Participant: 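For reference, the structure I am asking about is given below.
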Amino acid sequence: MTDNTLGHVGEGLAARFDATPADVAALYDDWATGRYDADLATWGYRAPGRAADMVLKLLSTSTSDGPVLDAGCGSGLVGVQLQQRDVEQVIGGDFSPASVETARSRGVYRDVVELDLNDPLEFADGTFRAITSIGVFSYLADSEATIRELLRIVQVGGPVVFTQRTDLWNDRHFDQLLSDLVSEGICDVTVSPPEPYLPLHPEFGTVIEIRYATLIRR
C-alpha cells in the first residue's frame, strides 16, 4: 500500500460509514494487505482486547459447548486476543477476501470463512456458544436484521457482543432497537457507557467513542 493510500485511509475514515458494501470490501482488501494493524495500534485501538475480556468473563460461567464466531473478524485482531485468553474453537468470518487470508495466516482460528453480514447467514440456529462483532456495525445498513441473525445463530444463554460508534448509536436508533428485542423476549441487553475507540486518531479522539453491547439470547 502506498503512502498516499494510507493517508486516504486515515483521512476521512470517520465518514466512511455510508460507503457501499463493495466500497468497504475494497477498502479493507487494500488496507489488510498493508498497514492495517500498525495504523490501528498508532491510533490507540483497544477494542479487541476489551471484547475478548468480556467474552472470557461470560464464558467462564457457561457450561455449553460449541465454537465462538468472530463475525467481521477483519485481519484477526480479536482472534489473537481470544487465543491469548485460551478461548478455543473460534471461527472467523469477513467479507473482505484479503482480510480473510490475513486472519487465516495468523493461525488463531479453527477456520476463517467469507461472511457477509449484510445477508442472511448460512449457519443453523444455535450454532455458536458466543459471538463477537467488533468495529463492524458502522458499515451495516440494516443493523436490526444483522443483530437478529446473530441472535438466531447463538445458543440460548449465549452472548452476542458488538460495538457501535456513539455518533451512530443515536442516528440509527439503537436504544429503540435493543429495547424492542428485550420486549419481544428475544434477549437481555447490557450496554456500556461510551468508551474510547480510536483516541489518537485526529477525527475520532474523544469526540467519537464506542459502546459495547452484550446481548444474552433467551
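All residue numbers refer to positions in the sequence shown, counting from 1. Bear in mind that the values here come from a model prediction, so they are computed numbers and not experimental data.
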Participant: Might you work through the side-chain contact (heavy atoms from CB on, under 4.5 Å) test for Y109 and C73, ending with a clear yes or no?
Facilitator: CA-CA 10 Å; Y109 294 99; C73 65; 3.6 Å; yes
Participant: If we ignore hydrogens and angles and just use 3.5 Å, is the side chain of S62 paired with the main-chain N or O of S64 as donor and acceptor?
Facilitator: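 Here the side-chain-to-backbone pair exists.
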Participant: Do L200 and T42 touch side chain to side chain, with heavy atoms closer than 4.5 Å?
Facilitator: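 A side-chain contact under 4.5 Å is absent here.
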Participant: Please find the pair of heavy atoms, one from V108 and one from G76, that lie closest to each other, and give the distance.
Facilitator: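 In terms of heavy atoms, the two residues are closest at CG2-O, 4.5 Å.
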Participant: Per the salt bridge (charged side-chain N to carboxylate O under 4.0 Å, His left out) rule, what does the pair list look like for residues 123-133, sequence neighbours excluded?
Facilitator: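 Salt bridge (charged side-chain N to carboxylate O under 4.0 Å, His left out) check on residues 123-133 returns D125-R152.
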Participant: Could you state whether L77 and F137 fall into the same hydrophobic cluster, counting links through intermediate Ile, Leu, Val, Met, Phe, Trp or Tyr residues with side-chain heavy atoms under 4.5 angstrom apart?
Facilitator: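 No, no single cluster joins them.
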Participant: E203 and A14: which non-hydrogen atoms are nearest, and at how many Å?
Facilitator: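 Looking at all heavy atoms of both residues, the closest pair is OE1-N, 3.1 Å.
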Participant: Decide yes or no on side-chain contact (heavy atoms from CB on, under 4.5 Å) for V191 and V189, but give the supporting numbers first.
Facilitator: CA-CA 7 Å; V191 178; V189 173; 3.7 Å; yes
Participant: Are I216 and V154 close enough that some pair of their side-chain heavy atoms sits under 4.5 Å apart?
Facilitator: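 No, their side chains stay 4.5 Å or more apart.
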Participant: Could you report the tightest heavy-atom contact between A47 and I134, atom names first, then the distance?
Facilitator: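 Smallest heavy-atom distance, with atoms named: CB-CG2, 3.7 Å.
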Participant: Does any part of the side chain of F162, heavy atoms only, come nearer than 4.5 Å to the side chain of R211, both counted from C-beta?
Facilitator: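 The answer is no; the side chains never approach within 4.5 Å.
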Participant: So how far is it from R217 CZ to I131 CD1, rounded to the nearest 0.5 Å?
Facilitator: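 Separation between the atoms: 9.5 Å.
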Participant: Anything under 30° is parallel, anything over 60° is perpendicular, the rest tilted; go ahead and classify Y36 against W31.
Facilitator: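 Perpendicular: the ring planes of Y36 and W31 meet at over 60°.
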Participant: Given 3.5 Å as the limit, does a donor-acceptor pair link the side chain of Q155 with the main chain of D65, or not?
Facilitator: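 The answer is yes, because a donor-acceptor pair under 3.5 Å joins these two groups.
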Participant: Does some side-chain heavy atom of L56 sit less than 4.5 Å from a side-chain heavy atom of V87?
Facilitator: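 Of all side-chain heavy-atom pairs linking L56 with V87, at least one is under 4.5 Å.
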Participant: For T166 and I210, what are the C-alpha separation, side-chain angles and deciding distance, and is it a side-chain contact (heavy atoms from CB on, under 4.5 Å)?
Facilitator: CA-CA 5 Å; T166 50; I210 53 173; 5.7 Å; no
Participant: Please check: side-chain N/O of S133 versus main-chain N/O of A71, any donor-acceptor pairing under 3.5 Å?
Facilitator: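 Side chain of S133 to backbone of A71, a donor-acceptor pair under 3.5 Å: yes, one is there.
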Participant: Under the rule for ring-ring contact (aromatic ring centres under 6.0 Å, His included), what residues qualify as partners of F123, not counting sequence neighbours?
Facilitator: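 Counting only residues at least two positions away or on another chain, F123 forms a ring-ring contact (aromatic ring centres under 6.0 Å, His included) with F128.
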Participant: Filter on salt bridge (charged side-chain N to carboxylate O under 4.0 Å, His left out), then keep only pairs touching residues 43-63, sequence neighbours left out; what's left?
Facilitator: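 For residues 43-63, and leaving out neighbouring residues, the salt bridge (charged side-chain N to carboxylate O under 4.0 Å, His left out) pairs sorted by first residue read R50-E195, D53-R85.
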Participant: Just how far is it from atom CD of E88 to atom CZ of R110, taken to the nearest 0.5 Å?
Facilitator: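 It is 11.5 Å, given to the nearest 0.5 Å.
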Participant: Quick one: are V136 and Q164 in side-chain contact, heavy atoms under 4.5 Å?
Facilitator: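 Of all side-chain heavy-atom pairs linking Q164 with V136, none is under 4.5 Å.
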Participant: Can you confirm whether L82 sits close enough to V55 that some side-chain heavy atom of one is under 4.5 Å from a side-chain heavy atom of the other?
Facilitator: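 Counting from C-beta outward, L82 and V55 do come under 4.5 Å.
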Participant: What distance do E209 atom CD and S192 atom OG have between them, rounded to the nearest 0.5 Å?
Facilitator: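 Going from CD on E209 over to OG on S192, the span is 9.5 Å.
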Participant: For T214 and P159, work out which heavy atoms get closest and say how close.
Facilitator: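 Answer, listing the atom of T214 first, then P159: CG2-CB, 4.4 Å.
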Participant: V207, F17: one ILVMFWY side-chain cluster at the under-4.5 Å cut-off?
Facilitator: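 No: no chain of side-chain contacts under 4.5 Å links V207 to F17.
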Participant: So does F95 get a backbone contact from the side chain of E114, meaning a donor-acceptor N/O pair under 3.5 Å?
Facilitator: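 Pair absent, no side-chain N/O of E114 close to backbone of F95.
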Participant: If you take all heavy atoms of G72 and L117, which pair is closest and at what distance?
Facilitator: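 So the two residues come closest at N-CD1, 4.1 Å.
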Participant: In Å and rounded to the nearest 0.5 Å, what is the CG to CG distance from D94 to D116?
Facilitator: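 Atom-to-atom, D94:CG and D116:CG are 9.5 Å apart.
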Participant: List for me each residue that meets ring-ring contact (aromatic ring centres under 6.0 Å, His included) alongside F204, sequence neighbours excluded, and say none if there are none.
Facilitator: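 So F204 forms a ring-ring contact (aromatic ring centres under 6.0 Å, His included) with Y197, H201.
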Participant: Has T102 got a side-chain atom pairing as donor or acceptor with A98's backbone, closer than 3.5 angstrom?
Facilitator: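 Flag set: sc T102 to bb A98 pair under 3.5 Å.
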Participant: Quick check: do D188 and L215 have side-chain heavy atoms less than 4.5 Å from each other?
Facilitator: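 The answer is no, as the side chains (C-beta and beyond) never meet within the 4.5 Å cut-off.
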Participant: Indicate if V100 and V24 have the same hydrophobic cluster label, given that clusters are the connected sets of ILVMFWY residues with side-chain heavy-atom separations under 4.5 angstrom.
Facilitator: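 V100 and V24: one cluster.
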Participant: Kindly write out the residues that satisfy side-chain contact (heavy atoms from CB on, under 4.5 Å) with R148, not counting sequence neighbours, or none if the list is empty.
Facilitator: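 Expected list: E144, L181, E184, I186.
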Participant: Mind checking what makes side chain to side chain donor-acceptor pair (under 3.5 Å) contact with S183, not counting sequence neighbours?
Facilitator: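 Listed in chain order: nothing, the list is empty.
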Participant: What about W43 and L27, same hydrophobic cluster or not, with Ile/Leu/Val/Met/Phe/Trp/Tyr joined at side-chain heavy-atom distances under 4.5 Å?
Facilitator: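 In one cluster with W43: L27, yes.
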Participant: Do you know the tightest heavy-atom contact between A213 and L178?
Facilitator: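 Answer, listing the atom of A213 first, then L178: CB-CD1, 4.5 Å.
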Participant: Let me confirm one number: the CD1-CG distance from I91 to D70, rounded to the nearest 0.5 Å.
Facilitator: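 I91 CD1 to D70 CG: 10.5 Å, rounded to 0.5 Å.
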Participant: Using the side-chain hydrogen bond (donor to acceptor under 3.5 Å, both in side chains) rule, take D37 and S75 through it: C-alpha gap first, then chi angles, then the decisive distance, then the call.
Facilitator: CA-CA 8 Å; D37 290 8; S75 70; 2.9 Å; yes
Participant: Contact between L59 and V68 at the side-chain level, heavy atoms closer than 4.5 Å - yes or no?
Facilitator: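 Yes, side chains in contact.
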Participant: How long is the straight-line distance from OG of S138 back to CZ of R165, given to the nearest 0.5 Å?
Facilitator: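 If I round to the nearest 0.5 Å, the distance is 4.5 Å.
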Participant: Linking I/L/V/M/F/W/Y whenever any side-chain heavy atoms sit under 4.5 Å apart, do I147 and V160 land together?
Facilitator: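 Yes; V160 is reachable from I147 via cluster members.
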Participant: Could you go through Y139 and D23, starting from their C-alpha distance and side-chain angles, then the distance that decides it, and tell me whether this counts as side-chain contact (heavy atoms from CB on, under 4.5 Å)?
Facilitator: CA-CA 10 Å; Y139 303 111; D23 287 342; over 6 Å; no
